[in-house]
Structure formats: C-alpha cells, structure tokens
Number of protein chains: 2
Amino acid sequence: MADPSPSVVRAGYPVSRQVLADHVYEALLEWLMDGRLEPGAAVSIDGMARELDVSPTPVREALARLEHTGMVRRVALKGYRVAPVFTREDFAELMEARLSIEPVNARLACSRMTPDGLEALKQAVEDLKTAPRGGTFAEYRSYLEADERFHQLIAAQANNQFLLAAYNTLGGQIQRFRLFGGVGITDAEQAIAEHQAVLEAITSGDPEKAAAMMVDHVEKVRGRAMADAPED
Amino acid sequence: MADPSPSVVRAGYPVSRQVLADHVYEALLEWLMDGRLEPGAAVSIDGMARELDVSPTPVREALARLEHTGMVRRVALKGYRVAPVFTREDFAELMEARLSIEPVNARLACSRMTPDGLEALKQAVEDLKTAPRGGTFAEYRSYLEADERFHQLIAAQANNQFLLAAYNTLGGQIQRFRLFGGVGITDAEQAIAEHQAVLEAITSGDPEKAAAMMVDHVEKVRGRAMADAPED
DNA sequence: CGTCGTGCGTTCCTATAGGATTTGGACATG
DNA sequence: CATGTCCAAATCCTATAGGAACGCACGACG
C-alpha cells in the first residue's frame, strides 16, 4: 500500500486543501513539461500509480483532467499516450491561432491593466533578460517559464474569463512546442526586444499599438521557427 | 450492483468502443443541457452513481472531464456543483470572446470550406428555419441544437485544431447561456436572417464579408439579449 | 429562549480486488 | 520464410470497502 504517512498531514491547516489527484496532476504536468515523458510515450495508469506510490484511482482522475489540455491523448480501453511531436502543419496552425487570440488579449489588457499587473509584466520581461540561456535544459527552463508567464499575464489582464480560458487551451501547447518544436532559443535578443516593444506599447497606453506589436512578435516567432525548419 | 446486461454488448463491433465513463459523461452533458440539472445545484458523485446505476468511479472520471467545459465546478473535498447562472457581466465577456474568435473562424472557413462542409452548413440553416419554436423546452431544443451546430461547423471548417479547441471552450458556455440566459427565442426570424447572411457570404467565397457578417450576427445577438435585460 | 455539544447520515476520497481487453511472443502450419 | 493460433503478462476498467470530513438535527444547559 501507499506510504501511510502522507506528506499532506502537516501540522496546522494547509493554506488550500488539496487532494491526491491534484498532486498527481501537477506531478504529471511537470514531467510533461520537463520532457521526462517524451512525445508518443505511453502513460500507463498502473505504472504511474506505482511510480508515484499512490493507487490508480487518483492517477486516472488526473489523466482525465490532463486530456483536455492536449498534452496527453486517450484511446478507450488502450490508455493514454503523450501527445506526438509537432509537425510543421501543427505549428502553422498553432501560430495562426495565436495570431487570432493574443493580439486581442494585448489590446484589451492595455485598456484594463492594473498597476500590479503592469508590475508583474515588467518583472517577466526583466526575468527574460536575466535568465541564463545555456545549452542544457535546466538553463532553458527559467527563460521559457518567463516567456510563458509574459503571455499568460497579458491574457489574464484582458480581464475576460473566456478569453483567458481560450488562451489557456493554447498556452500548454505553446509551452510544449517550445520544448519539442526542435528550435532552441537561437534569437533570444530579438525575442526579448519584441516582448519589450509589447510592454512599452502597453505602458504607453496605446491599445492598437500593443495589438500590432503582439502581431509582430508572433509573426516573427513563426518566422524564426520556420527558418530553423525541423526535418519535415 | 449494476445491471449485469449492459446495453453496450450489442452483436458485432460498436463502431468506436466506449467505456462506462463515456456514457456517464454524455448522460451528464445531456442533463446539463436539458436543464434537468439547474445552475448552482450540487452534483453528488455517489448520488449520480446511484441514479445512473453505476459505481462512483466512472462518475468521478466523467466529472473530471466535464470540469474543463465550465459546465460544472469543483471544490476539493466538497464536490461538484453546476456552474451558476450567467450574470450580465459574464454574458458581456462571453460575447466579447465570441467577437474575437468567431469572425476569424468564419474568414478561414470561407477559404477552406469543403463541399460536404458547405452542405452541412446549408442543412443547419435549413433546420433553423424549419425547427418548431414553441414555448416548451422540447420545442426549443432542435432550434438551439441547429444554432450551435451552425457555429460549430464553421469552427470545424476553419480547419485549425487549435482554433476549434478554443471555440469549443466557448461553445458549451454559449449553449448553456442559450438555456439559462433568460432570453427565449424572441427574434428567431432576425437571427435566421443573420445566419443566412453568413452562409451566403461563405457561399459566395468572400472571406472578409463572411467575417463581417459574423461580427454583425454576434453583435446583434448581444444587442437582443441585452435589451431583454434579465433581473440584475 | 438561545447556544453549544453530540451523534448520525451523507459525501468525498483513496485503496484494493477482480473481470475484461489488449499485447507480445512462442509455437505450429502452409 | 510467412502466417495464423494460442497463451500469459500487462493494462484498462469497474465495483466495493472503509477512513475522514462535513452538515444537520436533536437534545442538554445556561
């Protein structure tokens, strides 16, 4: 059976109570983002349960929730697999979707930005600048995290729960692509400058310019990735 | 225990094999759409299991999948509840989100429409025209279904898996609003004309006009619903 | 009469057991 | 060698049991 002294029974109240399935969910998400679970690999329910030292029930629940993120796919009676690597086609579709949603987010966020939000946004860009950009994944990590955080913050500041939900369906895929799309961070300086441009447009309170800068950024991301041209 | 002669053991192969959790998922979805589960009501796992004559395990999995649709909300250790009724604010946000996504879908669908897709779209509009529009819900039903199908088809024909996923995060909410937003189908004739206009723009192969007609449609939907002005 | 404590029922959550299904390989056959 | 069959292990799927927390009614007490 599982370890009878679970780590959740700390003294006092946990700030927000969580159940095992939540922990499993986050563990799996982290493994997926870390690349510890490679695209196409099978994710066995029983196997994960053994690995995490819990029963299959919470694993099953966590995977059911993960399915909608697109990170894993399920086939009835056959189990879950990590979503396959991005094809060139997938990537083009993803960028098309981003071009539809993110500029709108930027425009709205510009009008509705709170002081705290603006501060967080500046911090994200700052983190992008200072993040190490070595060759190993551990060094990528904080850079990628700051990148995702920047876009996520803008979506959140648009202050529209549905647009935020729509962005989040993309966000996970974007992050997944950053990891497995084949491109490293070849042109970090340019990318940072583009983020900076979006930030400045927002700071200056010009919604149309913010949207335009976001279009510019996403298009250039697409351009750089396409140029690097993975195999097919 | 559950009925030992499940209805799934038909002779021959089911086209696509399903497991109990899938049936539970669809049953719950139908109940939510039918209004049999009212907004704010608790959805007990054990209770649903008894009602559907299955064990709690598949119900738990189905609810986990339903959560991301926004139809139900979960609080750890407290269970699931049907999402509360739309506020005026929620509605405004939903329409803003639709205005960001659906015109893009219409523009792309116009360029990429397949003959079969166009046929299905025409059928949806036809169904809208012929659907009964009585006062009881049973008569609403086919009208609402055709309405949702029209928009869903356009999203699908945009031929972009991510935009489709993004739309689907809205689609359920839109359908839910149609049921619980407080407005009946007061101006069906106008709504049908607007759908017809979108269809004609697509048929004529004019992407910009298709997008414009979709903007027009959604804005007028918003206008009609806002005019009806529910309590708040 | 109002307040507090206690007990019971309900519900969520996790673990476990066992049936059903798939998969992979050994083995026999054309 | 290619192909089909059969078996065993792994896996998925569902049911069931029981612990823990929560809500609520009921009764005791100030």
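The structure presented is a predicted model; accordingly, all values stated were derived computationally and were not measured. Letters A, B, ... mirror the listed sequences (proteins, then strands); counts begin at 1.
- A/Val24 comes within 4.0 angstrom of nothing in the nucleic acid, heavy atoms only.
- Side-chain rings of A/Phe86 and A/Phe177 approach one another, their centers coming within less than 6.0 Å.
- In this structure, the NE2 atom of A/His23 is 13 Å from the P atom of C/dC13, given to the nearest Å.
- Closest to the side chain of A/Arg60, out of C/dA15, D/dC12, C/dC12, is D/dC12.
- Counting only heavy atoms from C-beta on, B/Pro56 has its side chain closest to D/dT16 among C/dA15, D/dC12, D/dT16.
- Dashed line: the shortest gap from a side-chain N or O of A/Ser44 to OP1 or OP2 of D/dC12 is under 4.0 Å.
- Residue A/Ser55 places no side-chain N or O under 4.0 Å from the OP1 or OP2 atom of C/dT14.
- One N or O on the side chain of A/Arg81 and one on the backbone of A/Gly40 form a donor-acceptor pair closer than 3.5 Å.
- In this structure, the CG atom of A/Leu20 is 14 Å from the P atom of D/dA21, given to the nearest Å.
- In this structure, B/Arg81 does not reach the C/dC12 phosphate: none of its side-chain N or O atoms is under 4.0 Å from OP1 or OP2.
- The phosphate of C/dC13 (OP1 or OP2) has no side-chain N or O of A/Thr57 nearer than 4.0 angstrom.
- Residues B/Phe150 and B/Val125 come closest through the heavy atom pair CE1-CG2, 3.5 Å.
- The aromatic rings of A/His151 and A/His195 lie perpendicular to each other, with more than 60° between the two planes, well past the 30° mark.
- Per the geometry, CD1 belonging to A/Ile45 stands 16 Å off P belonging to C/dT21, to the nearest Å.
- Residue A/Lys78 places no side-chain N or O under 4.0 Å from the OP1 or OP2 atom of D/dC13.
- Using a 4.0 Å cut-off between a side-chain N of Lys or Arg and a carboxylate O of Asp or Glu, B/Glu61 and B/Arg65 qualify as a salt bridge.
- Across all strands, A/Val43 comes closer than 4.0 Å only to sugar-phosphate atoms, never to a base (heavy-atom distances).
- Nucleotide C/dA20 holds its P atom 17 Å from the CG atom of A/Asp46, rounded to whole Å.
- Atom CD in A/Glu61 sits about 15 Å away from atom C1' in D/dT14, given to the nearest Å.
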